[in-house]
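Note that the structure is predicted; figures quoted are calculated from it, not measured. Every chain is numbered from 1, with letters handed out A, B, ... down the list of sequences.
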Amino acid sequence: MDFITGQLNNKQKEAVLTGDGPVLVLAGAGSGKTRVLTSRVAHLVMEKGVYPSSILAITFTNKAAREIKGRVGKMMGGDMWFPWIGTFHSMCLKMLRMYPESLGYRKGFVIYDQDDQKILVKDCLKELDLDSKLFPPKMIIHQINRSKDELIDAEKFNKENASDYKLSIAGKVYELYQKRMLENNAMDFGDLIANAVKMLRENENIRMYFQNAFKHILIDEYQDTNTAQYELAYILSEKHGNIFVVGDDDQSIYGWRGANIRNILDFEKDYPGCMVIRLEQNYRSTTNILDAANDVIKNNLGRKGKTLWSDKGTGGKINYYRAATNSMEAYYIASRIQKGIEAGRDYEDYAVLYRVNAQSRSIEQALRDKKIPYRIYGGISFYQRKEIKDVLAYLKLIQNPNDNVQLKRVINEPKRGIGKTTLTRMEEYAIDTGSSIYEVAGDIRIYPNLSKSVEKVSVFVGIIEKLRKSAAEKSVADLYDDVILYSDILKQYKLDNTIISRSRIENIKELKSAIMTKAEEQYESFGEKLTLEVFLESVTLATDADEETEGTHVSIMTLHSAKGLEFPIVFISGMEEGVFPSFQSFSEGRLEEERRLCYVGITRAMEEVYLLNTMQRTLYGRTQSYPESQFLREISPALIEHKSGGGFGRRNVGQSTRDSFGGMRITKGGKPITIAGFTAVPGEAANVKTGQRVRHKKFGDGTVTNTEGSGGDKMIEVSFDIAGTKRLMASFAKLKIVD
DNA sequence: ACGCTTCCAGTTTTT
DNA sequence: CTGGAAGCGT
């Protein structure tokens, strides 16, 4: 059908129309890979007569899954039975939910995130009487996670590392950790994949069931797959052999997280007779930008090889600016943006990228001072906030009272006078008797040394028991109300009564909206009542609580977060040896991944790129000089235009770049604002005082009733005449002082 | 048991 | 400079 392939170039068409068998699509940045993937799904269904339900399309992020779902739905008219489209984690979860017993798990197992993981690892260290100084939880967690990515279980890990003292200890922790996970009926993110593979490997019936079910498997961002995900895809595609993967080896930037670039590099070896299609036409950037990106990436040895081109015209040169300090670098960025806005650009056209989050401070400062609205991407999401996680821990505990990790989180939240000593003793008894802490808590009277805590612990058990009853009888939303009521979790926050604690209360209340929305969805999509189990799982695998795009703004984020995005104008800050590439990457063969990151950064830009660095940078409270990044030198000088204005701000600058830094304030302090979903429109808010009349764009007029904190952290409470009382962050509030 | 102080380490983070 | 964790004093 024409409308599927009508808008595709020849290579893309080839990828969409290729018949059965393994296919590798090497899709360069901006070459339309999502379009190819979605078109192929539509093509399979509408022209090849493949049952939608026998198609499995796997992505890495919920966002990508949503996007593909949306596009495929549109192509197919929307009313067709959807193919199985989801993330690796969500599809593994789906499979595991069907046969949890095959792995010794029970129905309704929960998912542990990195927080839970950390608590459990620390527990295990304590139980094994290990010093967390000598064996940092971080390192242990890393070992465990990487092992799972590589499908190495505790037993195998111990066998392989028997000769290494530290690692053999880590292996002991790993072993205990897994034991406790099973007892708690919990899986971490790594388990979801590794256990799915284990389940398929060890159970012929289950394996055959899924192998038959999925006649076509499509995988997005294949360069990011780890060994476990590779194996999963391999097993699932074994029967029909229709595996279609799309990816770009040059954009593999998550090796440190377990991604195995060999998966894409060796695809042809692993799937003999496969088709390889290269998408090299870029629809995003000017040729100068692509040439620069190509110049950089060609220095990598381990790559498939690909040269992007476009017909977007040459475009301007790559801008290079060397500033004296990081604040000056930031001010340069801000003033370029300001100039652009004056010339008719939109804030949305700009992105500022950096290697480490710590760099964002000075950039934010400069943007705020120049009153440029910005938004930080990649902050802490709603579901990762402490107060939300606490409420969720109650809900998880209600579902499984034997989950020690959740219990420890909430037994003294709010403060109930149950302290470390009591908890430690209960834990010890739990281990000795092979029961859970909750079970010990229930029988607390019979244990010695705990008499002082009987009262307090019994109160807690009473609360949970009452809530379990509620859970059996009530909807999730009503259960939520009971949790708030019986646990009295708002107590401390109400007592503190600071602006911050009040916003925490609001967040907790917001969780109820999330529950009700989910309940509605569940009813509309499946005609089912929302169960606690379904709600909890939807929450753990949900990430970026959908960003409400309020107002126009500049985007600032790490280079990693920028993957998959595009902007007309991109600034890359900190092109310094030691910052980018980071000094940690100098050892071993990790430089190539940094270079790919650089490639990713440059290829985000459609029209203009600014590469920036400084002679002196203050990072982590230390001021240092860093040499110019080697990546800069890799770009052909002919492509680069050196912007003047470097030096220590004294030099005369050309008329076209007349960036006066005279009288520049370099304000100190000002914590970074990393709350996702906030749009900064700095105004006069930083200076308001209690009692002052102010005007807000959305809320109207009001009176300032309270202020708290200072600098970038300052919170303002305003009683609006119509909208009621609101708490705003001074640095973001769109406030005007009314005379 | 808990809050306050001091000390220390500090990339990148799709799930 | 920061945030988290361990240590100390009440």
Side-chain angles (χ1 to χ4, degrees), chain A residues 58-66 86-93 111-114 117-118 122 131-133 136-138 142 145 148-149 187-193 220-221 223-226 228-229 251-259 326 353-362 377-381 383-384 386 412 415-424 452-453 456 492 537 539-544 557-565 574 578-586 590 593-594 596-597 600-601 618-623 668-672 674 711-713:
Chain A
I58 315 177
T59 63
F60 275 84
T61 66
N62 292 314
K63 196 176 152 205
R66 236 175 302 159
T87 63
F88 268 105
H89 294 269
S90 70
M91 70 143 304
C92 285
L93 178 64
I111 299 162
Y112 277 8
D113 64 10
Q114 39 282 70
Q117 217 182 1
K118 202 168 166 194
K122 281 185 181 169
D131 185 354
S132 60
K133 278 260 161 58
K138 256 195 158 178
H142 183 260
N145 288 343
K148 288 178 181 177
D149 291 342
M187 292 192 199
D188 59 30
F189 289 133
D191 285 330
L192 287 176
I193 316 289
D220 193 18
E221 306 277 17
Q223 77 282 353
D224 290 335
T225 50
N226 60 35
Q229 288 158 338
Q251 293 188 68
S252 168
I253 54 173
Y254 285 107
W256 51 275
R257 240 176 131 271
N326 48 307
L353 312 180
Y354 37 80
R355 180 66 240 267
V356 295
N357 287 119
Q359 285 173 260
S360 76
R361 275 134 226 256
S362 36
Y377 285 77
I380 300 161
S381 83
Y383 289 110
Q384 286 177 329
K386 182 202 176 295
N412 204 29
K415 302 268 178 299
R416 297 191 176 89
I418 302 170
K420 235 171 42 193
T421 324
T422 307
L423 195 56
T424 309
K452 263 194 289 182
S453 312
K456 290 163 181 165
Q492 194 60 45
E537 101 186 18
V539 181
T540 7
L541 287 184
T543 34
D544 25 278
M557 67 189 89
T558 63
L559 285 149
H560 282 90
S561 305
K563 202 179 92 178
L565 306 176
V579 175
F580 186 31
S582 75
F583 73 91
Q584 290 94 336
S585 68
F586 294 154
R590 289 164 63 181
E593 184 156 308
E594 295 285 298
R596 292 193 288 269
L597 192 56
V600 167
T618 308
L619 208 58
Y620 304 121
R622 252 168 216 281
T623 304
K668 280 207 170 152
K671 283 191 183 172
T674 44
D713 240 3

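- Taking the side chain of A/Glu594 as heavy atoms from C-beta on, and the options B/dC2, B/dT11, B/dT12, the nearest nucleotide is B/dT11.
- Residue A/Lys118 has a polar side-chain atom (N or O) positioned under 4.0 Å from OP1 or OP2 of C/dA5.
- In this structure, the CD atom of A/Glu537 is 14 Å from the C1' atom of B/dT15, given to the nearest Å.
- Atom CD1 of A/Ile58 is separated from atom P of B/dT15 by 15 Å (rounded to the nearest Å).
- The side chain of A/Tyr354 contributes no N or O atom lying less than 4.0 Å from OP1 or OP2 of B/dT11.
- Checked against C/dT2, B/dT12, B/dT15, the side chain of A/Gln114 finds its nearest nucleotide in B/dT15.
- Of the candidates C/dA5, B/dT15, B/dT11, B/dT15 carries the atom nearest the A/Leu541 side chain, counting heavy atoms from C-beta on.
- Nearest nucleotide to the side chain of A/Asn357, out of B/dT12, B/dT15, B/dT11: B/dT12.
- For A/Gln229 and B/dT15, a side-chain-to-base donor-acceptor distance below 3.5 Å is absent, hydrogens and geometry of angles not being considered.
- Comparing B/dT11, B/dA1, B/dT15 by their nearest atom to the side chain of A/Thr87 picks out B/dT15.
- Put simply, A/Asn412 has a side-chain N or O that comes within less than 4.0 Å of OP1 or OP2 on B/dC2.
- Mapping A/Lys420 and A/Lys122 onto DNA chain C via the closest heavy atom, the residue that lands nearer the 5' end is A/Lys122.
- Remark: A/Phe583 CZ is loosely packed, at most 12 non-hydrogen atoms of other residues, nucleotides or ligands lying under 6.0 Å away.
- Side-chain polar atoms of A/Gln117 and A/Asn145 form a donor-acceptor pair below 3.5 angstrom.
- Residues A/Leu559 and A/Tyr354 are not in side-chain contact: their nearest non-hydrogen atoms beyond the backbone lie 4.5 Å or more apart.
- Taking atom CZ on A/Phe88 and atom P on B/dT15, their separation rounds to 13 Å, with Å as the unit.
- Using cut-offs of 30° and 60° for the angle between ring planes, the A/His560 and A/Tyr254 rings count as tilted.
- Comparing B/dT15, C/dT2, B/dT11 by their nearest atom to the side chain of A/Thr61 picks out B/dT15.
- Atom CZ in A/Arg416 sits roughly 15 Å away from atom C1' in B/dA1 (whole-Å rounding).
- Checking A/His89 against A/Gly621, the closest nucleotide of DNA chain B that is more toward the 5' end is the one next to A/Gly621.
- With distances taken from any side-chain atom of A/Ser132 to the nucleotides C/dA6, B/dT15, B/dT12, the minimum falls on C/dA6.
- Of the candidates B/dT12, B/dT11, B/dC2, B/dC2 carries the atom nearest the A/Lys415 side chain, counting heavy atoms from C-beta on.
- Closest to the side chain of A/Asp224, out of B/dT15, B/dT14, B/dT12, is B/dT14.
- Remark: P of B/dT13 and CZ of A/Arg257 are 10 Å apart, rounded to the nearest angstrom.
- Taking the side chain as every heavy atom from C-beta outward, A/Leu192 and A/Leu541 approach each other to under 4.5 Å.
- Proximity of A/Phe189 to A/Lys148: side-chain heavy atoms (C-beta onward) are nowhere separated by under 4.5 Å.
- In this structure, the side chain of A/Glu221 does not engage the main chain of A/Thr59 through any donor-acceptor pair within 3.5 Å.
- The CD atom of A/Gln492 sits 11 Å away from the C1' atom of B/dG3 (whole-angstrom rounding).
- Take the nearest nucleotide of DNA chain C for A/Arg622 and for A/Lys133: the residue whose nucleotide is more 5' is A/Arg622.
- Regarding contacts with the backbone of B/dT11, every side-chain N or O of A/Thr558 stays at 4.0 angstrom or more from both OP1 and OP2.
- Comparing A/Thr422 and A/Ser90 along DNA chain B, the residue whose closest nucleotide (by nearest heavy atom) sits nearer the 5' end is A/Thr422.
- Between the NZ atom of A/Lys138 and the C1' atom of C/dG3 there is a distance of 11 Å, given to the nearest Å.
- Remark: P of B/dT13 and CG of A/Leu559 are 10 Å apart, rounded to the nearest angstrom.
- Anti is the conformation of B/dT12, whose glycosidic angle sits further than 90° from 0.
- Side-chain nitrogen and oxygen atoms of A/Thr618 include none within less than 4.0 Å of the OP1 or OP2 phosphate oxygen of C/dC1.
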